[in-house]
Amino acid sequence: MKVKQISVFLENKKGRLKKAVHALAKANINIRALSIADTSEFGILRLMVPDPELAKKVLEENNFVVKLNDVIAVEVPDRPGGLDKILGILTRADMNVEYIYAFVEKKSEKAIVVIRTEDIDEGIKVLKEANVPLLSSEDISTL
Amino acid sequence: MDEEKRKEIQLKRLQDTVKRAYENVPYYHRRFNELGIEPEDIEGLEDIKKLPFTTKQDLREAYPFGMFAVPDEDIIEVHTSSGTTGKPTVSGYTQKDIDLWSEVMARALTMAGAGRRDRIQNCYGYGLFTGGLGVHYGAQRIGATVIPISAGNTKRQIEIMQDFGTTILTCTPSYALYLAEVLQKENVKMDNLKLKAGVFGAEMWTEEMRDAIEERLGLTALNIYGLTEIIGPGVAMECQEKNGLHIFEDHFYPEIIDPETLKNLPPGKKGELVLTTLTREAMPIIRFRTRDITTLRKGECPCGRTLIRMDRITGRSDDMLKIRGVIVFPSQIEEALLKINGLEPHYQIVVTRPKYLDELEVQVEASPALFSDEVKHVEEVKKMIEEHLQREIGLRVNVTLVEPESLPRSEGKAIRVIDKRKF
């Protein structure tokens, strides 16, 4: 099960992240999860939001370059070893992880891990076979 | 020489130049006719204002030999400008022109203290570039020993410098600094060097660079000026006072104009240098717009010379860029960028000189076609653009992706170039 993530290009400059986040706030979009990949020159802001299409539109209206892409979201028990188990499955299947970030869901005892494998479909297949619970876009929007 | 006498000679030579250009160069013949002027209209030096300007573009259109004023059999040598921007411009020389060039270069080297016993290590490139042979001819005219080592191979330069006891170094100022750095790295003792002067030119440089070169190489660093279109190096040269470059105005007549209004400016006012050759035989050039920004200074120099002086070049009147000695036009960069699919035609060029060497940065607006959620991919795109630009313009470029709409938009003339180098 793939879920949609939005990626935003940010210049590595003061106030850029604020501008993106502010645009989303004004449109009343709640950010569920966020990560930033930064290099010396630019950053990539990655977001999980309830309505990715809407968020993309809002950001583009504010002159941001935005991409929608697929990632995998899995639920892991919020305790030591939770992430390790997931990575173990991917490693055994010889899957490369491009990036990964995680957040804790407050209502349940679970942590949500967002994974971008080199090959998304392969990643999903491997995790499903190992009976890892995958989240759908719907799950994300109701978090 | 007193001013009146000099002016008399200049006028006579100007009249002769104008007549030869009108009679033998179709381009000038046409331009004069268009303006309704004849060589006889030049009755005094100030009448030069009636004459048309010659631009680099005019010379390009005459490529290769359209500006020659003598029959082919009288041409004994040709040189060209670097020509990185499409067609280069060609300069042709008769024997008399080579003699003239030797003469002005001999003067220039003499001003640096060169005599028959000096060994001149000439690291300007030999070839179509005028730097190498210009210094060579001047050195031979003096009777000094010229070491025609040409550019590059720094280790060998340093070896020869010590073994041969080089006394005068000729190269670009940035190469002089590079040599100094390598000398230091190789732990060469200053006692092993016999350098007394350096004749540096072919690019813009600063007083700070002069101080650094003088301190590190233990020599007197002097500035030389020239351009292929006029003759090559040897149009003007600094004396030991280091207070401006004496223009050899008995051969090259200088004017300063406002590059916007094209009106002449008096000495002491900063503007674009315009040069007219007074004695060139193969290629008389009238009112060439050098695009170099400087100021002319009258008055006697403590060195005793009465030749007019020009300040160090502080900029260019057009947006032509000279990066590490290579000429680049923003339009070239634009053309190259537009060949990349998905790239927005919004860009900005930033030129800096963090240490001694120029750096060229091209800022490009990110677009959905270039962007991805992976850092690796975005960096690959950046590298792809860098490599593409390098292939197209022949220079290493740093590409920076910036956010859409963050670069200035074209309002008539967009500011495409930010030159942060201090000259």
Side-chain angles (χ1 to χ4, degrees), chain A residues 2-20 23 33-49 52 55-57 59-73 96-101 114-120 123, chain B residues 333 337-338 340-352 354 359-390 396-411 414-416 418 420:
Chain A
K2 296 171 190 170
V3 294
K4 290 283 179 205
Q5 168 196 260
I6 61 173
S7 306
V8 188
F9 177 83
L10 293 179
E11 254 180 271
N12 209 343
K13 229 164 59 179
K14 220 167 144 183
R16 306 314 300 163
L17 175 62
K18 164 88 169 90
K19 194 189 162 206
L34 166 158
S35 103
I36 294 178
D38 66 329
T39 71
S40 58
E41 286 173 4
F42 64 90
I44 299 175
L45 169 66
R46 301 178 185 123
L47 298 167
M48 302 293 278
V49 290
K56 181 170 184 276
K57 196 172 146 264
L59 288 166
E60 277 173 350
E61 280 166 1
N62 283 277
N63 290 323
F64 284 99
V65 177
V66 185
K67 273 258 160 114
L68 270 182
N69 67 287
D70 294 321
V71 289
I72 307 166
N96 245 335
V97 174
E98 294 295 346
Y99 57 81
I100 192 165
Y101 57 99
V114 179
I115 307 166
R116 168 78 153 90
T117 50
E118 212 167 32
D119 185 335
I120 296 281
Chain B
I333 293 173
L337 286 175
L338 290 177
I340 300 170
N341 275 337
L343 203 138
E344 299 292 324
H346 303 299
Y347 66 96
Q348 187 160 278
I349 298 159
V350 183
V351 191
T352 54
E359 289 290 349
L360 182 62
E361 180 192 352
V362 177
Q363 298 179 340
V364 178
E365 283 190 4
S367 67
L370 304 178
F371 180 57
S372 134
D373 62 315
E374 288 176 66
V375 172
K376 191 172 73 183
H377 180 255
V378 179
E379 276 176 342
E380 268 164 20
V381 167
K382 177 177 127 81
K383 208 168 150 227
M384 180 271 290
I385 303 173
E386 284 174 349
E387 282 167 2
H388 174 73
L389 284 176
Q390 178 160 11
R396 187 170 41 77
V397 174
N398 299 319
V399 167
T400 310
L401 293 173
V402 298
E403 287 176 21
E405 308 278 352
S406 63
L407 296 179
R409 290 300 188 259
S410 179
E411 291 161 8
I415 305 159
R416 296 290 196 205
I418 298 173
K420 292 182 176 168

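The sequence lines fix the lettering, A, B, ..., with proteins before strands; numbering per chain opens at 1.
Legend: residues meeting side-chain hydrogen bond (donor to acceptor under 3.5 Å, both in side chains) with B:Lys383, ordered by chain and number and at least two apart, are absent.
Taking CG from B:Leu401 and OG1 from A:Thr39, the interatomic distance works out to 9.0 Å, rounded to the nearest 0.5 Å. Atoms CD and OG, from A:Glu98 and B:Ser372 in turn, are 9.0 Å apart once rounded to the nearest 0.5 Å. Summarising the geometry, atom CD belonging to A:Glu41 is positioned 10.0 Å from atom CD belonging to B:Gln363; distances are rounded to the nearest 0.5 Å. To the nearest 0.5 Å, atoms NZ (A:Lys67) and CG (B:Leu370) are separated by 8.5 Å.
The existence of a salt bridge linking B:Glu403 and A:Lys13 is excluded, since no basic side-chain nitrogen approaches an acidic carboxylate oxygen closer than 4.0 Å.
Across all their heavy atoms, B:Pro404 and A:Val65 have their closest contact at CG-CG2, 3.1 Å.
In this structure, B:Phe371 and A:Val8 have side chains that are not in contact, with every pair of non-hydrogen atoms separated by 4.5 Å or more.
Heavy atoms of A:Leu10 lying under 4.5 Å from chain B belong to its backbone as well as its side chain. If you measure heavy-atom distances from A:Asn69 to chain B, the contacts under 4.5 Å come from the side chain alone. Heavy atoms closer than 4.5 Å to chain B are found nowhere in A:Glu60, neither backbone nor side chain. If you measure heavy-atom distances from A:Tyr99 to chain B, the contacts under 4.5 Å come from the side chain alone.
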Query raised in the report: Do B:Asp373 and A:Arg116 pass the salt bridge (Lys or Arg N to Asp or Glu O under 4.0 Å) test, and can you show the C-alpha distance, the side-chain angles, and the key distance before you say yes or no?
Result: CA-CA 9 Å; B:Asp373 62 315; A:Arg116 168 78 153 90; 2.8 Å; yes
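The candidate from A:Val66, A:Asn63, A:Leu68 with the greatest count of non-hydrogen atom pairs under 4.5 Å with chain B is A:Asn63. Top candidate by heavy-atom pairs under 4.5 Å with chain B, chosen from A:Arg16, A:Arg46, A:Gln5, is A:Arg16.
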